[in-house]
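The block underneath contains the structure these notes are about, expressed in structure tokens.
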Protein chains: 2
Amino acid sequence: MSNSKPTESELEILQILWEHGPVPVRFVHEILATQKAVGYTTTLKLMQIMAEKGLVNRDTTNRTHIYVAAISEEQTQQQLLDKFVAGTFRGSAMKLVMQALGNNTASKEELDQIKALIQKIENEG
Amino acid sequence: MSNSKPTESELEILQILWEHGPVPVRFVHEILATQKAVGYTTTLKLMQIMAEKGLVNRDTTNRTHIYVAAISEEQTQQQLLDKFVAGTFRGSAMKLVMQALGNNTASKEELDQIKALIQKIENEG
DNA sequence: TTGGATATACGAAATTCTTCGTATACATTT
DNA sequence: AAATGTATACGAAGAATTTCGTATATCCAA
């Protein structure tokens, strides 16, 4: 369980690692490169730093190192969410929910899911 | 309409400006100082930079300058929210809503509000 | 086995953000 | 009027983050 909070660039890399299991640097870099102009060694360096920080683990058995996220997506998201709510919505999670709901097209299925969750919360409370 | 995205420190100041209308630097600083150790000239400098960037406006008629936020709270929150959803939840606003709902104690009133909003969305769609 | 492609390591420049010291001017009090 | 308090301006140090050049090793194909 790492305590380091990922920077913005590190988070971009974590996203890729979360989505596509253990992969080499080159793989991460190629996805990253479609999102923004960045050199290969930059990506490499970032991932090396992340390894030092304990944000990722890597298998260095072979010449091509294989990287995998060392922190869970859910836990990281929750941490960042808490911080974001505090920083941007002055601690009001509900205000955030309202804004997110109001400004994004949610499918019927998603709305149903949310309704179900609310139902569940109401029953528990 | 400013395009600058506020940094974290700038956001802290914007929050104070949003909450307490037009105020002098000293006022902002005193609130800030209750949240973290920071020198007065640091706060001043930040607010001067924000003025340059167009994030705040100031009235320099008198010796004590009076600052006010130049960008709206709602618009800024929406911008940051979009970015946050993209960056942390891979673009899934619903995933964020679910997580925010699941991990924060929402009052009955708040849940009712959300249900009403969902109702409204469903009717419009 | 030699040349080209591709890998990691490493150092350091470049950029952005944060912090604060110091200079200077105006206001207030004594 | 002098001393003291409080303002802004400004420059630049410090810290964190991002970027990439270069060195070097390994793999693979001709």
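We name chains A, B, ... by the order of the sequence lines, and we start the count at 1 in each one. Only this structure's heavy atoms are used, side chains among them; waters, hydrogens and symmetry mates stay out.
Set against dT26(D), dG5(D), dT19(D), the side chain of Arg63(B) has dG5(D) as its closest nucleotide. Side-chain proximity of Lys45(A) to the nucleotides dC20(D), dT18(D), dT8(D) is greatest for dC20(D).
Atom CG of Leu32(A) and atom P of dT18(D) are 11 Å apart (whole Å). The distance from atom NZ of Lys5(A) to atom P of dT17(D) is 7 Å, rounded to the nearest whole Å. In this structure, Asn62(B) atom CG and dT6(D) atom P are separated by 18 Å, rounded to whole Å. The NE2 atom of His29(B) sits 15 Å away from the C1' atom of dT8(D) (whole-angstrom rounding). In this structure, Tyr40(B) places its OH atom 16 Å from P of dG5(D), rounding to the nearest Å. Straight-line distance from the CE atom of Met50(A) to the P atom of dT19(D): 13 Å, rounded to whole Å. For the pair His65(A) NE2 and dT26(D) P, the computed distance is 12 Å after rounding to whole Å. The interatomic distance linking Leu44(A) (CG) with dT24(D) (P) rounds to 17 Å, in whole Å.
Among the protein residues, Thr64(A) comes within range of the sugar-phosphate backbone only, with heavy atoms under 4.0 Å from sugar or phosphate atoms but none that close to a base. Nucleic acid contact class of Gln48(A) (heavy atoms, under 4.0 Å, all strands): base. The residue Thr41(B) sits close to a base: some heavy atom pair falls under 4.0 Å.
For Arg26(B), no side-chain nitrogen or oxygen approaches OP1 or OP2 of dT6(D) to under 4.0 Å. Within the 4.0 Å cut-off from OP1 or OP2 of dT18(D), at least one side-chain nitrogen or oxygen of Ser9(A) is found.
To the nearest 0.5 Å, the span separating CH2 on Trp18(A) from CG on Leu11(A) amounts to 5.5 Å.
Here chain B contacts DNA chain C (any atom closer than 4.0 Å to a heavy atom, that is under 4.0 Å), and the contacts span dC17(C) to dA27(C) from 5' to 3'.
The side chain to side chain donor-acceptor pair (under 3.5 Å) check on Glu12(A) picks up Lys36(A), with sequence neighbours excluded.
More than 12 heavy atoms of other residues, nucleotides or ligands sit less than 6.0 Å from atom CD of Gln35(B).
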Show me the side-chain donor-acceptor pairs of residues 55-64 of chain B shorter than 3.5 Å, one per line, residues at least two apart or across chains.
| residue | atom | partner | partner atom | Å |
| --- | --- | --- | --- | --- |
| Arg58(B) | NH1 | Tyr67(B) | OH | 2.9 |
| Asp59(B) | OD1 | Thr61(B) | N | 2.8 |
| Asp59(B) | OD1 | Thr61(B) | OG1 | 2.4 |

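Connection of Leu81(B) to Ile121(B) is established within a shared hydrophobic cluster, with ILVMFWY side chains joined at heavy-atom distances below 4.5 Å, either directly or through further cluster members. Linking Ile, Leu, Val, Met, Phe, Trp and Tyr whenever their side-chain heavy atoms come within less than 4.5 Å puts Phe89(B) and Leu117(A) in one cluster.
Ring orientation note: the planes of His20(A) and Phe27(A) are nearly perpendicular, at an angle over 60° on the 30°/60° scale.
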